[in-house]
Amino acid sequence: MKRWLHLTFGADLRSLAAMRMGTALVLIFDLLNRCFWVRDHYYDFGSFSRADSVLVGSNYIFCLHNLSGHWVFGLLMLLLHLGAASCLLLGYRTRLVTVVCWGLLVSLHHRNPTLLLGADPWLRSILFWGMFLPWGQRWSIDAPLEKEETSVFSAATAGLVLQVCTVYLVAGWMKQGASWWPDGTAIADTLRILEFRPSGRDISDYLLYFPDFLKVLTYLTLGLEKFGILLLFAPFFTAALRTLVLVGLMLFHVGLALGLNLHIFPWIGVACLLGLLPGSCWERFPLRSIATRLTRWTLRRPTWRGADPRVELGRAWNLALWSVTLLTLLWNAQFLRPFYQFPRPLAELMIAAGFKQNWSLFAPNAPKSSSIILPVAYDAEGQEHMLRVDGRERDIFTLQEAFGYLRWRQHHLYLITSNNGWARTTYCQYLARRYFAERGEWPERIRLYRVTRPSLEGFEDAPLRKVRLYEFLVPQPPKEPEPAEAERRNSLSPPSAPGPGTGGLPEVLPSESPTPEAEDPNSASNLQL
Amino acid sequence: MFRSRLLSVLTLDVRSLALMRIAYGVLIFADILNRCWHFEMHYAQEGALGLETVLRTGSSPADFSFYMLNRTSLFAGFLMGLNALAGLSLAIGFRTRTSTIACWILANSLQDRNFAILNGGDNWLRLILLWAIFLPWGERWSVDSLRAKPPLPGRTPDTVTSVACLAYLVQEFAVYFISAIHKTGPEWRVDGTAGYLALQLNEWGGAWDWYLLYFPELLKWASFALFAFEVIGPLLLFTPFWRGPILTGVALGFMAFHLGLICLMTLGMFPFVGIASALGLLPSWAWERFPLKALAARLDQLRFQRSVWLDQAHALKRWARRPRRLLPHTFWSKAVAVGIAIGLVWNMGNLKWISRPIWFHHLGALLTLDQNWALFAPGPPANTGWMVVQGVLEGGGTVDLITDQIPASLERPAVPPDKYRTQREKRWYVVLGNPNHGHLHEQFCLYQFRRWAQEYPDRPRLTGINLLWMHQTTTPDFEDRPVSYSVVYKRNNPYR
């Protein structure tokens, strides 16, 4: 019994080290991507300003990235984060660096929550458990030279295992739609969603030629998520069955990465699953050589050693971690049982600490349509200019090439939701500024259209439906735009208006969003697929 | 010879700096207490100015404010408490440099939290705090100085010569001199009516200013004298000859000017900051003469007297830091030199002598070197007024929501600034009275509806609020000024 407990809820030090490196790589990739868009996403003149950021989420949020609104500050924070993530990869002062990575990640997510994907809560939770796991014990600068034990069992390892199970179980059991069972068309539907098309790869088109194969894949996915994951706790052949399930899930994630553009989602899954591998794996064929090589590298590490990463959690910590696990499970239970409500103050705390998670991935059905926002700028002559997500002008509108960076799609998805209509103003201001930067004149108005294309069974083009979401009248600035600071900290002289503030544009007009009205899809622009 | 004369210009007395430190610490502490009067209205998210409004309208992206990290009023209160503590610790000179940095950061954060209640004094305070980080103002009469071995006065030299001293002198120079350049109106330079106009201002008037109005000739010559002093006084700060007496005279002149302001006008912290920052100008020459010499002796002796207070200080001594001076040719003294240049360029931009690119604005905001000394410039305005927040009650009747008096009176109060509890509250209503600040009105009215319902549940409820700006135009020859009003904003109560 004790052995079973250790095997199922414990973890192997090498697997944890592999998870550490995988997580660090994913984090580095994510942060590099974010660096590229720092002026668009983490700037007061960007698509989501600090003024929006302080309004969302819970009262307990403590967001370091809100300290300053300049993109240079945002970039510095990202670089600091990157430094910490690199140290995590190398395992230098692992515990400290994990805490930094986690804290900065939670703060970063609060700075701009519109960009979040399903992968982000997962990454957050891995880093959270990582703070309490001895994942710097192997293959790291910190690693001790003499190795006694190879496996570890604590509240943290159990929490990690339960977290992973929760992801798949909730994702599986929320897929109640007919397209998953009995029809089995869900994966085909997913492949037809244009925003997720990987650019430059036509593998998803190719796969659509084999509907029966996709049907089998659908059932396999559903089975694996609903029941397969329970094999982690098999009472016999535990290690073997566990390996089998994990490999199956990893293949599933690799398949996701090949067929869909899901940004870091598949890879964070793979990294996380690595941490659950039983220790015996590392003594068998393909992993053995990797392990040996990594160990050899560790022994050749520099003489400047980091901190000792050994983790002995006290009773209080264990208790705290068990309650975190319990709360996470309760949190997820509210999605499976709609009549159960998580108590509000506790929920606010959970949100602020980064435990907000929702694993309803393509559930209950995969969406049968693609829908995004098309921004259109109108210049003084009433001429239309279709804009890209980041405000540059484009000639031809296609749903497919709209998003090179998946987080932009999340941003659009966020703005489409009617609850978040208030955030559209800032986005329009941002688009107007980008338009100005490109053409040297302000547009007269900016409209956001919601463009929807239903996915059809075959390969024929579906008609696009275009609905006006929001219209923003661009306030025409004065001839000489005066920067804000000159008049802001006012002196004894009678007050004058503070500068344009974060607008750069002057005062924003009242922003009642016009009721969405259907428009003739062919009127506006040369829509083309 | 020439070199030593030049260096004497960059020399300050550490005792004066210590005096200035104590004054600043007390001032910061008192300011925080004063701000607490209107904590909810001015700093809480549920008050009249939410974080999102501040970020959208009043701030530059390069500002850094710790008040933006969390939106609860608990956190804002925590930061203000920290600020008060930092002020106290500055006053007693405990870990002076750390305290100074903390005061500077927190002052910037606080001023960025609510931009609508500031005046020139706040600018001045945070700029002097910035330069003081590099000044040895904790060397005397501080807990830190107890760490110095042996703890005798005179171990360190009484004077300090550094770039930071220059920065401080230039700052004092800028406040007065640049302000004089801004004063281009005939009221200051030709007619000499500036004093008369300034005393007529409802926003700033004090209780005694009417008395001076009986002496128009005096007022006229006082205006000219003030203008002349604002030009000559700051220039004298850099005199290489007779520095002792001249600097003493200038510092006393500045202080006298600010004392006059305190007596005649309601300017909040501004004159106090002026006096505190003039204290640091006192040269060694002054410390060898009558009143200051006695004071210095008293303060030096203080450390050897055993008293309860001092025992506490000795307990703190364990964590105190021995003060260290800024060395020349280090990175920081070069940085200070660059800072002086940026400050001067900023002021030249204010004077429209040069145009500043946008990145320079961001840089200035980031380094908190942004400043504006256009005080009563080009001339004191002739238009002046006060605010009536007229709440309309259910079943008829009105209430002035500033004083909560029923009915709201549109008469001119005897001393208009006395209508407000603090100078910052007054400043807030003056800013609100400007129709250009439309973005502030809505939230303010909603806050007042909530406040009224909460504070007076038994009184009739509000149906709406009218923001009335009562204004007068000052006429040149002491005539009666008729009062008129304009409705700045109207709002119905949405909570009914």
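Proteins get letters first, then strands, A, B, ... in listed order; numbering begins at 1 in each. Everything numeric here is computed off the predicted structure, so don't read it as measured data.
Between A:Asn59 and B:Arg71, some side-chain heavy-atom pair lies under the 4.5 Å cut-off.
Other residues, nucleotides and ligands place more than 12 heavy atoms under 6.0 Å from the OH atom of B:Tyr429.
Considering only residues two or more places apart in sequence or on other chains, A:Pro121 meets the side-chain contact (heavy atoms from CB on, under 4.5 Å) condition with A:Arg124, A:Gln357, A:Trp359. With sequence neighbours excluded, the residues satisfying side-chain hydrogen bond (donor to acceptor under 3.5 Å, both in side chains) with B:Tyr176 are B:His258.
Of the two parts of B:Phe75, only the side chain, counted from C-beta on, holds a non-hydrogen atom closer than 4.5 Å to a non-hydrogen atom of chain A.
The shortest heavy-atom contact between A:Tyr60 and B:Asn70 is C-ND2, 3.6 Å. When all heavy atoms of B:Gln45 and A:Leu55 are compared, the closest pair comes out as NE2-CD2, 4.3 Å. Scanning all heavy atoms of the two residues, the minimum distance from B:Leu69 to A:Leu64 falls at CD2-CA, 3.8 Å. Here the closest heavy-atom approach between residue B:Pro61 and residue A:Ser68 is recorded as O-OG, 3.1 Å.
The candidate with the highest count of non-hydrogen atom pairs below 4.5 Å against chain B, out of A:Ser58, A:Ser107, A:Ser53, A:Ala352, is A:Ser58.
Distance check, rounded to the nearest 0.5 Å: NE2 of B:His362 to CZ of A:Phe73 gives 15.0 Å. Distance check: B:Met68 CE to A:Cys63 SG gives 12.0 Å after rounding to the nearest 0.5 Å.
Salt bridge status for B:Arg56 with A:Asp44: absent, with no side-chain N to carboxylate O gap under 4.0 Å.
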